[in-house]
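All residue numbers refer to positions in the sequence shown, counting from 1. Basis for what follows: all heavy atoms, side chains included, without hydrogens, waters or symmetry-related copies. Here the structure is a predicted model, which means the values were calculated and not measured.
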Amino acid sequence: MRDDRPDEARRTRLSRTFDEDAELYDRARPGYPAELFDDLDALAGTGPGCRVLEVGAGTGKATVPLAERGCRITAVELGADMAAVARRNLARFGSVEVVTADFETWPLPPEPFDALVSATAFHWIDPAVRMTRAADALRPGGALAVVATQHVAGGSEEFFAEVQGCYERFDPATPPGLRPPAADDVDTSDHGHEVARSGRFGPVTVRRHEWDLAYTTSEYLDVLRTYSGHRALPPESREGLLGCVAGLIDGRNGGRITKRYLTELRVSRTV
């Protein structure tokens with residue numbers, strides 16, 4: 001299963017769950033490795049003076065590092081509360097504007113952008129229009145930079161095998177025997193196919209980074225509370241799941257686990 005491939009029948013409803021607790025999202029969700037922003041500079045031309053449109057900015061997890069590198073950013077975020085937190089986090093940057101709107105219908109400004117960046121958010125945009133809208137927002141030769149984050153094998157592997165029982169017990173939609181895939185087995189070529197079908201972009205260049213992040217029990221439960229699938233569970237099931245997860249971390253793992261992430265950058269340019 002892929003973290004960046006939501007159930008299309010529930011995509012719109014799930015995409016709205018993040019705004020339910022923007023402060024928790026801002027506190028609990030991790031940022032991105034510094035190497036990702038080096039790659040963005042090299043492949044997408046971000047850096048001092050670059051005009052960036054960020055789609056699905058959230059609370060500014062990627063916006064702040066881009067602003068620190070001197071980008072001039074228009075950050076579009078659907079959730080009003082998420083956008084408010086982003087404005088607070090970005091208040092020190094005079095070259096950043098946060099717009100509360102959905103990208104699908106937001107009026108594009110007359111001057112096209114040098115780069116469009118979407119960090120762990122592009123999969124929430126309507127697939128019927130996202131490529132066309134992205135191309136329309138960019139100048140000729142402008143860069144579409146899509147960042148995807150996956151949970152992959154590594155870190156506390158025994159815990160992630162055992163915790164499957166919690167999910168099977170409290171979320172009946174969980175496939176039996178599900179395990180995080182090896183990073184090398186994560187096939188994201190569907191993005192390249194989507195880019196090619198659009199006819200608006202050239203080939204996709206990909207960079208990948210694996211990294212580990214340690215969590216205490218409470219920190220990990222907070223992260224889970226920000227995931228759309230967990231938030232969409234009935235309250236009784238969600239609390240039962242979180243209690244089961246906490247019991248495994250505290251009882252079998254000394255109150256701390258490590259999760260391995262795969263961050264993938266996909267860059268293509270308008271033709």
Side-chain angles (χ1 to χ4, degrees), residues 4 30-77 86 89-90 92-99 101 103-104 106-125 129-150 188-211 261-271:
D4 64 339
Y32 299 93
E35 294 84 357
L36 171 72
F37 298 96
D38 294 336
D39 289 342
L40 277 166
D41 286 354
L43 299 177
T46 55
C50 180
R51 291 187 69 249
V52 174
L53 172 61
E54 186 183 4
V55 175
T59 62
K61 294 290 184 179
T63 326
V64 170
L66 287 170
E68 289 173 339
R69 288 173 179 246
C71 295
R72 295 181 293 151
I73 306 169
T74 299
V76 178
E77 168 53 43
N89 291 339
L90 293 154
R92 69 185 189 274
F93 300 104
S95 59
V96 178
E97 176 189 17
V98 179
V99 178
F103 176 61
E104 291 91 335
W106 177 62
L108 296 174
E111 184 182 359
F113 293 88
D114 300 315
L116 186 156
V117 177
S118 187
T120 320
F122 201 65
H123 54 284
W124 296 115
I125 306 301
V129 302
R130 60 192 176 201
M131 284 297 169
T132 300
R133 292 279 292 169
D136 289 346
L138 292 166
R139 63 168 174 80
L144 169 63
V146 174
V147 180
T149 302
Q150 316 282 346
T188 58
S189 60
D190 55 318
H191 177 77
H193 298 324
E194 183 180 4
V195 168
R197 286 194 304 271
S198 76
R200 303 289 301 274
F201 295 92
V204 178
T205 301
V206 176
R207 294 287 184 272
R208 286 182 160 194
H209 300 281
E210 291 182 62
W211 50 291
Y261 292 95
L262 170 67
T263 297
E264 182 178 87
L265 172 64
R266 312 153 182 172
V267 178
S268 49
R269 290 187 174 270
T270 54
V271 295

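- One finds the CZ atom of R266 at 14.0 Å from the CG atom of L43 (value rounded to the nearest 0.5 Å).
- Between the CZ atom of R207 and the CG atom of L265 there is a distance of 8.5 Å, given to the nearest 0.5 Å.
- N89 places a side-chain heavy atom less than 4.5 Å from the side chain of T59.
- Taking the charged nitrogens against the carboxylate oxygens, D136 and R200 do have a contact shorter than 4.0 Å, which makes a salt bridge.
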message = V206 vs E264, test: side chain to side chain contact (heavy atoms under 4.5 Å, CB included). Steps then yes/no.
response = CA-CA 7 Å; V206 176; E264 182 178 87; 3.5 Å; yes
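- A donor-acceptor pair under 3.5 Å is absent between the side-chain atoms of T132 and the main chain of V129, judged by distance alone.
- A heavy-atom distance below 4.5 Å is found between the side chains of F103 and L53.
- Of the candidates D41, V96, L40, L40 is the only one forming a side-chain contact (heavy atoms from CB on, under 4.5 Å) with L66.
- Closest heavy-atom contact between A75 and T63: CB-CG2, 4.3 Å.
- Atoms CD and CZ, from E194 and F201 in turn, are 10.0 Å apart once rounded to the nearest 0.5 Å.
- Between R208 and E210 there is no salt bridge, since no side-chain N of the basic residue sits under 4.0 Å from a carboxylate O of the acidic one.
- Side-chain contact between L262 and T149 is absent, with no heavy-atom pair separated by less than 4.5 Å.
- Across all their heavy atoms, G202 and S268 have their closest contact at O-CB, 3.6 Å.
- Residues G60 and A86 come closest through the heavy atom pair N-CB, 4.2 Å.
- Checked by atom type, the side-chain pair Y32/T120 shows a donor-acceptor distance below 3.5 Å.
- Scanning all heavy atoms of the two residues, the minimum distance from H191 to V146 falls at CE1-CG2, 3.7 Å.
- The closest side-chain heavy-atom distance from P33 to T263 is below 4.5 Å.
- Between A121 and G56, the shortest heavy-atom distance links the atoms CB-O, 3.6 Å.
- Two residues are said to be in side-chain contact when any heavy atoms from C-beta on lie closer than 4.5 Å; V204 and R269 fail this criterion.
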task = Verify salt bridge (charged side-chain N to carboxylate O under 4.0 Å, His left out) between R92 and E68, making sure each step is shown before the conclusion.
result = CA-CA 10 Å; R92 69 185 189 274; E68 289 173 339; 3.0 Å; yes
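- Rounded to the nearest 0.5 Å, atoms CG (L116) and CZ (R133) are 10.0 Å apart.
- Side-chain atoms of E54 and S118 include no donor-acceptor pair closer than 3.5 Å.
- Of all heavy-atom pairs spanning A67 and L90, the tightest one is CB-CD2, 4.4 Å.
- Cation-pi geometry between R139 and F113 is not met at under 6.0 angstrom from the ring centre and within 45 degrees of the axis.
- Between E97 and V99 there is a side-chain heavy-atom pair separated by less than 4.5 Å.
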request  = Could you walk me through whether L36 and W211 pass side chain to side chain contact (heavy atoms under 4.5 Å, CB included), step by step?
outcome  = CA-CA 11 Å; L36 171 72; W211 50 291; over 6 Å; no
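- Between the CG atom in L144 and the CZ atom in R130 there is a gap of 10.5 Å [rounded to 0.5 Å].
- Taking the side chain as every heavy atom from C-beta outward, Y261 and Q150 never approach each other to under 4.5 Å.
- Rounded to the nearest 0.5 Å, atoms CZ (R51) and CZ (R72) are 6.0 Å apart.
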